[in-house]
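Have a look at the structure below, then the notes.
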Amino acid sequence: MELINLMQKRRSIRKYSGEKIEEGKIEKILQAGFLAPRSRAALSWEAVVVRNEEVLRKMVNCRVGTGQMLKSADCAIVMLGNPLISDVWIEDCVIALSNMHLAASSLGVGSCWIQGRNREAENGMTTEEYLRELLGFPEEYKLEAILSLGMPGENKDEHELVSFPAENIRVIRG
Ligand SMILES: Cc1cc2nc3c(=O)[nH]c(=O)nc-3n(C[C@H](O)[C@H](O)[C@H](O)COP(=O)(O)O)c2cc1C
């Protein structure tokens with residue numbers, strides 16, 4: 001299948017069946033992260049892979065309003081970046097996590113991006129402080145986002161290819 005068709009099929013899946021994700025699929029999803037381009041070839045990100053049910057359920061409250069998918073998730077990948085390693089750690093994290101989200105879809109695993117940076121937890125802490133306390137990651141690592149994962153418990157239509165909106169795409173021809 002062409003990559004464009006995989007991209008059409010990728011959707012944010014927030015409901016999970018409860019079936020376990022095979023460990024080999026999690027490994028491939030992480031490999032997809034390592035295959036992402038990175039500024040100056042430096043590895044400025046770290047991922048915390050959570051497969052512990054008790055910890056996953058505590059993570060539900062890491063975001064005001066939008067952590068509910070973690071109630072039935074089988075796994076969460078918490079993306080952290082280190083500004084001391086790269087000044088563009090945000091871009092490094094986002095590209096790697098985006099690869100993982102797409103790879104998950106290609107393997108039949110449902111996933112959804114949960115924004116972490118600049119967001120708050122249910123208890124008034126920042127999402128970063130909440131997860132740092134729960135997961136114990138070091139001060140120099142900043143939270144970018146979380147990918148919740150599980151075998152799909154919902155079906156969504158694939159995206160249609162669009163005709164380019166003129167205001168978003170400006171082509172300059174010779
Ligand atoms: C940077 C970013 C932040 C997002 N944050 C959240 C979030 O906090 N909660 C959530 O449910 N979905 C979040 N999403 C998923 C989007 O809502 C979703 O991609 C969008 O609605 C399009 O739907 P699709 O992914 O099914 O194509 C986020 C996506 C991105 C790229």
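Sequence positions, counted from 1, serve as the residue numbers for this chain. As a basis for the values below, the full set of heavy atoms in this structure was taken, side chains included, without hydrogen atoms, waters or symmetry mates. Counting convention: from 1, in listed order, for ligands and their atoms alike.
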Could you tell me which non-hydrogen atom of S148 sits nearest to which non-hydrogen atom of M69, and how far apart they are? OG-CG, 3.4 Å

Check whether any side-chain N or O of D92 sits under 3.5 Å from a backbone N or O of L43 as a donor-acceptor pair, and report yes or no. no

Could you tell me whether the side chain of R57 and the main chain of K71 form a donor-acceptor pair under 3.5 Å? yes

Reference residue E158; test salt bridge (Lys or Arg N to Asp or Glu O under 4.0 Å); the match among K9, R11, R10: K9

Which N/O atoms of ligand 1 sit under 3.5 Å from a protein N/O, and at what distances?
unit_1   : atom_1 : unit_2 : atom_2 : d
ligand 1 : 5 (N)  : Q115   : N      : 3.4
ligand 1 : 8 (O)  : R63    : NH1    : 2.9
ligand 1 : 8 (O)  : Q115   : N      : 3.1
ligand 1 : 9 (N)  : T66    : OG1    : 3.0
ligand 1 : 11 (O) : R14    : NE     : 2.8
ligand 1 : 11 (O) : R14    : NH2    : 3.3
ligand 1 : 11 (O) : T66    : OG1    : 3.4
ligand 1 : 12 (N) : R14    : NH2    : 3.2
ligand 1 : 12 (N) : W113   : O      : 3.2
ligand 1 : 14 (N) : W113   : O      : 3.4
ligand 1 : 17 (O) : R14    : NH2    : 3.2
ligand 1 : 19 (O) : S12    : OG     : 3.3
ligand 1 : 25 (O) : R10    : NH1    : 2.8
ligand 1 : 25 (O) : R10    : NH2    : 3.3
ligand 1 : 25 (O) : S12    : N      : 3.3
ligand 1 : 25 (O) : S12    : OG     : 2.5
ligand 1 : 26 (O) : R11    : NE     : 2.7
ligand 1 : 26 (O) : R11    : NH2    : 3.3
ligand 1 : 26 (O) : S12    : N      : 2.8
ligand 1 : 27 (O) : R10    : NH2    : 2.9
ligand 1 : 27 (O) : H159   : NE2    : 2.6

Treating Ile, Leu, Val, Met, Phe, Trp and Tyr as nodes and any side-chain heavy-atom pair under 4.5 angstrom as an edge, say whether V49 and L97 lie in one connected cluster. yes

Path from L102 to I95 over hydrophobic side-chain contacts below 4.5 Å: no

